[in-house]
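Following: one structure in structure tokens, then a few remarks.
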Amino acid sequence: MMKRMGILAVCLFGLACVLGQVAGAGEALRGLATPGRLVVGLDDTFAPMGFRDTANNLVGFDIDLARAVGEELGLEIVFQPVEWSAKEMELAAKNIDCIWNGMSRTPDREENMTLSQDYLNNRLAIMIIPDIDITSLDQLAQYQVGTQAGSSALDAIKNNPVYAALGDNLHEYATYDECLLDMQAGRIQAMVVDVVLGQYKNNNLNGAFKFADVDFGDDFYAIGFRRDKNDNSANEELCRAVEQAIANIAKSGKGEQISRKWFGANLLLQMK
């Protein structure tokens, strides 16, 4: 009897050690500004990735996925709304640990951030008022066009020949919500926007707008962490840990469950 109790005690101790290692794994990550806490920077108006519901609670695909990662790594997840055009400064100042809110992969961000692998494929669409048609990008110059300042949509416009033709017809807004309000008011006729956001907003407006036959191409979402030009190992370590957590969530089926909740389909990409 004593021998059995001894074996049981050893087994329970071993199990406790394993669980302790899993639960505390996140606290050992050097890339965190505060041990045990991952501060996620986001634009809290970017539905359906991260936004506020009617009760002012933060909800969305990225919110649910980040919380699942927190459970996987044993980390407290803190969401910190930031001005999207100042997100890089917030990251560098260590006010946040990462940017995680439908952020597109761009060459500039690859150079200035430690980017995760892509986790979602989006598209940069052109949402327009119902009584016009746009079948080529150069037609945009005929209309008043809006998009969010500091966004990948704005980068795509600037990197396209249509940018020079747009001139003063291109309007930048602090948020896509403000851009949408101007389109509803008739001050602009088109907005360049992530299709996941555009579709979500348009569905909530009972299909008041439509999408042009052309767009600015695919747009892959990644999570952005700090980049230290002297020694980036801590940031790389944090990035890899989050990637592995997302991979585990995808394998468990929870990732698909979260995706179907917000998109009606599994759009979560597999981490390698």
Side-chain angles (χ1 to χ4, degrees), residues 41-54 56 58-63 81-88 90 99-106 108-109 120 122-134 136-160 162-219 221 262-263:
L42 76 157
D43 168 8
D44 62 355
T45 67
F46 192 64
M49 308 306 287
F51 64 106
R52 296 195 180 272
D53 63 13
T54 54
N56 204 39
L58 271 173
V59 295
F61 173 80
D62 280 336
I63 303 301
V82 298
E83 195 73 36
W84 196 247
S85 59
K87 58 190 176 297
E88 290 86 356
E90 296 282 357
I99 300 289
W100 191 346
N101 187 217
M103 187 184 74
S104 306
R105 177 181 296 278
T106 66
D108 182 66
R109 289 168 184 163
L120 196 77
N122 176 48
R123 185 167 52 87
L124 293 175
I126 304 169
M127 193 160 71
I128 55 179
I129 60 175
D131 52 349
I132 67 171
D133 288 300
I134 294 178
S136 65
L137 291 180
D138 58 2
Q139 287 180 284
L140 273 177
Q142 302 172 25
Y143 304 102
Q144 300 297 314
V145 180
T147 196
Q148 185 181 40
S151 67
S152 58
L154 180 60
D155 289 341
I157 295 170
K158 287 182 175 180
N159 291 327
N160 190 281
V162 74
Y163 178 61
L166 276 166
D168 293 337
N169 286 0
L170 179 62
H171 308 276
E172 298 180 28
Y173 297 83
T175 68
Y176 279 119
D177 279 354
E178 293 174 37
C179 184
L180 186 59
L181 285 172
D182 262 12
M183 195 149 88
Q184 289 176 280
R187 287 185 282 269
I188 62 174
Q189 294 81 47
M191 63 184 285
V192 183
V193 61
D194 300 65
V195 72
V196 293
L197 171 63
Q199 285 180 336
Y200 182 86
K201 292 290 188 181
N202 198 39
N203 287 343
N204 286 343
L205 293 171
N206 297 316
F209 304 109
K210 64 182 183 180
F211 289 90
D213 294 334
V214 293
D215 56 49
F216 283 90
D218 287 337
D219 180 44
Y221 286 168
W262 293 103
F263 306 123

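Since this is a predicted model, take the numbers as computed values, not measurements.
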Original post:
Could you state the interatomic distance from CD (Gln199) to CG (Asn204), rounded to the nearest 0.5 Å?
Top reply: 12.0 Å
Subject >> Considering all heavy atoms, the nearest Ala141-Leu166 contact >> reply: CA-CD2, 3.8 Å
Subject >> Test log, rule side chain to side chain contact (heavy atoms under 4.5 Å, CB included), inputs Glu90 and Ile99 >> reply: CA-CA 9 Å; Glu90 296 282 357; Ile99 300 289; 5.7 Å; no
Original post:
salt bridge (Lys or Arg N to Asp or Glu O under 4.0 Å): which pairs involve residues 124-134, sequence neighbours left out?
Top reply: Asp133-Lys210
Subject >> Least distance between heavy atoms, Asn122 atom then Val196 atom >> reply: OD1-N, 3.3 Å
Original post:
By salt bridge (Lys or Arg N to Asp or Glu O under 4.0 Å), which residues pair with Asp155, not counting sequence neighbours?
Top reply: none
Original post:
Picking from Phe46, Tyr200, Tyr176, Phe61, what satisfies ring-ring contact (aromatic ring centres under 6.0 Å, His included) with Phe51?
Top reply: Tyr200
Original post:
For Ala190 and Leu140, which heavy atoms make the closest approach, and how far apart are they?
Top reply: CB-CD2, 4.2 Å
**OP:** Under the side chain to side chain donor-acceptor pair (under 3.5 Å) rule, collect the residues that match up with Asp44, sequence neighbours excluded.
**Re:** Arg52
Original post:
Asp213: what forms a side-chain contact (heavy atoms from CB on, under 4.5 Å) with it, not counting sequence neighbours?
Top reply: Thr135
Subject >> Minimum heavy-atom distance Val192-Ile126, with the two atoms named >> reply: CG2-CG1, 4.4 Å
**OP:** List the atom of Pro130, the atom of Ala208, and the distance in Å for their closest heavy-atom pair.
**Re:** CD-O, 3.5 Å
**OP:** Kindly indicate whether the side chain of Trp84, heavy atoms from C-beta on, has any atom under 4.5 Å from the side chain of Asn101.
**Re:** yes
**OP:** Kindly compute the distance separating CZ (Phe209) from CG (Leu180), expressed to the nearest 0.5 Å.
**Re:** 5.5 Å
Subject >> side-chain contact (heavy atoms from CB on, under 4.5 Å) involving Tyr163 - partner list, sequence neighbours excluded >> reply: Ile157, Lys158, Leu170
Subject >> Contacts of type side chain to side chain donor-acceptor pair (under 3.5 Å), residue Asp62, not counting sequence neighbours >> reply: Trp100, Tyr119
Subject >> Pairing residues for Asp138 by the salt bridge (Lys or Arg N to Asp or Glu O under 4.0 Å) criterion, not counting sequence neighbours >> reply: none
Original post:
Does Asp215 have any side-chain contact (heavy atoms from CB on, under 4.5 Å) partners at least two apart in sequence or in another chain, and if so, which?
Top reply: Arg123
**OP:** Could you pull out all residues at least two apart from Asn203 that satisfy side-chain contact (heavy atoms from CB on, under 4.5 Å)?
**Re:** none
**OP:** Any pair with a residue in residues 174-195 that passes salt bridge (Lys or Arg N to Asp or Glu O under 4.0 Å), sequence neighbours left out, goes on the list, sorted by first then second residue, please.
**Re:** Asp177-Lys201, Asp182-Arg187
Original post:
Looking at side-chain heavy atoms only, is the closest gap between Leu205 and Gln184 below 4.5 Å?
Top reply: yes
Original post:
Which atoms form the tightest heavy-atom contact between Ile134 and Ala212, and what is the distance?
Top reply: O-CB, 3.6 Å
**OP:** Using a 4.5 Å cut-off on heavy atoms from C-beta on, say whether the side chain of Ile128 contacts that of Phe211.
**Re:** no
**OP:** To the nearest 0.5 Å, tell me how far Leu120 CG sits from Tyr221 OH.
**Re:** 7.0 Å
**OP:** Kindly indicate, with the supporting measurements, whether the criterion side chain to side chain contact (heavy atoms under 4.5 Å, CB included) is fulfilled by Tyr173 and Leu181.
**Re:** CA-CA 11 Å; Tyr173 297 83; Leu181 285 172; over 6 Å; no
Subject >> Pairs flagged by side chain to side chain donor-acceptor pair (under 3.5 Å) wherever residues 140-150 is involved - sequence neighbours left out >> reply: Asp43-Gln148, Gln144-Asn169, Gln144-His171
Subject >> Arg109: partners by salt bridge (Lys or Arg N to Asp or Glu O under 4.0 Å), with sequence neighbours left out >> reply: none
**OP:** With the side chain counted from C-beta on, respond yes when Leu197 and Met49 share a heavy-atom pair under 4.5 Å apart, and no when they do not.
**Re:** no
